[in-house]
Protein chains: 2
Amino acid sequence: MMARAESDAILDIGKLLKATRKVKRLTQEQVADMAGISRPRYREIEAGSSAARTTTLINIARALGLELMLIPQAMVPAVDALLRPHDDLDDLPAFVAHPDGERGD
Amino acid sequence: MMARAESDAILDIGKLLKATRKVKRLTQEQVADMAGISRPRYREIEAGSSAARTTTLINIARALGLELMLIPQAMVPAVDALLRPHDDLDDLPAFVAHPDGERGD
DNA sequence: ATAATATGATCTTTTTATATATCATTCACG
DNA sequence: CGTGAATGATATATAAAAAGATCATATTAT
């Protein structure tokens with residue numbers, strides 16, 4: 001099958017958004033407001049139950065101090081390595097959304 | 001002002017998709033097919049005339065050998081630097097879509 | 001426990017992303 | 001030059017994103 005790779009992706013993105021929001025101590029309503037969407041809508045996106053528009057995701061990401069980027073797949077490990085030791089810099093989760101390289105947790 | 005930051009974003013993404021598609025010598029129809037969307041729809045996304053869903057963008061990106069990532073804004077310059085000297089590795093455009101840090105072209 | 005705040009969840013309506021079909025134009029190429 | 005492929009572009013129909021309201025269930029205080 002492998003027909004729900006995209007479901008994995010939006011679930012993964014949702015987890016990242018939630019984790020980042022928690023670290024920044026923001027409420028769903030605050031983030032939704034900053035991103036210009038409703039709270040129920042933001043909740044769904046965070047829960048990964050439906051896919052936001054690209055513009056919506058960008059707005060949410062920026063509200064959380066994240067930037068959406070499209071990385072050549074060959075460079076993903078390098079970017080990953082660059083991001084991982086980042087934990088102590090701010091207090092952001094050095095986390096990315098490339099739901100491809102899922103290791104079983 | 002600054003009310004069309006998202007329009008800039010999808011325009012920028014569209015340019016990246018088109019440039020990457022050209023480098024890979026794929027037709028719009030091929031990419032649309034790989035991404036599971038229609039050719040007219042892919043054309044619009046590439047033209048930046050409307051925002052795709054997140055899942056759609058992910059599918060298109062992967063069809064083009066790109067991966068969508070959410071990067072902490074503080075790390076964007078470093079990731080950028082990592083991506084730029086990448087030109088000679090494959091023949092992919094070492095290019096990203098963070099339409100925020102637009103320098104005059 | 002109680003009150004307040006944050007989150008989970010569902011419903012109705014509006015907006016828009018996407019499919020399918022179609023036609024015009026441009027681009028490669030024999 | 002003309003034939004076909006690739007692209008630009010538009011119209012109608014459908015599916016899904018997003019708003020707004022509302023209620024339930026946590027969660028966190030006091």
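In the text below, chain A, chain B and the rest are named by the order of the sequence lines, each starting its count at 1. Heavy atoms only: backbone and side chains are in, while hydrogens, waters and symmetry mates are out.
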Checking all strands, does B/Ser38 fall into the base, sugar-phosphate, or nothing category for heavy-atom contacts under 4.0 angstrom?
base

By nearest atom, which of the nucleotides D/dA19, D/dT7, D/dA17 is closest to the B/Arg39 side chain?
D/dT7

For a quick test of reading the model: is some side-chain N or O of B/Arg41 closer than 4.0 Å to OP1 or OP2 of D/dT14?
no

Could you check A/Leu64 against A/Leu26 for side chain to side chain contact (heavy atoms under 4.5 Å, CB included), going step by step and ending with a plain yes or no?
CA-CA 9 Å; A/Leu64 291 171; A/Leu26 296 168; 4.1 Å; yes

Let me know, please, whether A/Thr54 or B/Lys22 comes out on the 5' side of the other along DNA chain D by nearest nucleotide.
B/Lys22

Taking every non-hydrogen atom, the tightest pair across A/Arg41 and A/Ser50
NH1-OG, 2.5 Å

Nearest-nucleotide pick for A/Gln28, side chain only, options being D/dA18, C/dG8, D/dA17
C/dG8

If each of B/Arg53 and B/Lys18 is mapped to the nucleotide of DNA chain D with the nearest heavy atom, which maps nearer the 5' terminus, i.e. the 5' end?
B/Lys18

Among B/Arg43, B/Lys18, B/Glu46, side-chain hydrogen bond (donor to acceptor under 3.5 Å, both in side chains) partner for B/Gln28
B/Glu46

Per nearest nucleotide of DNA chain C, the residue lying toward the 5' end, B/Ala52 or A/Pro40, is A/Pro40

Under 4.0 Å from OP1 or OP2 of D/dA5: is there any side-chain N or O of B/Thr27 that close?
no

Do A/Leu66 and B/Ile71 make a side-chain contact, defined as non-hydrogen atoms from C-beta onward lying under 4.5 Å apart?
no

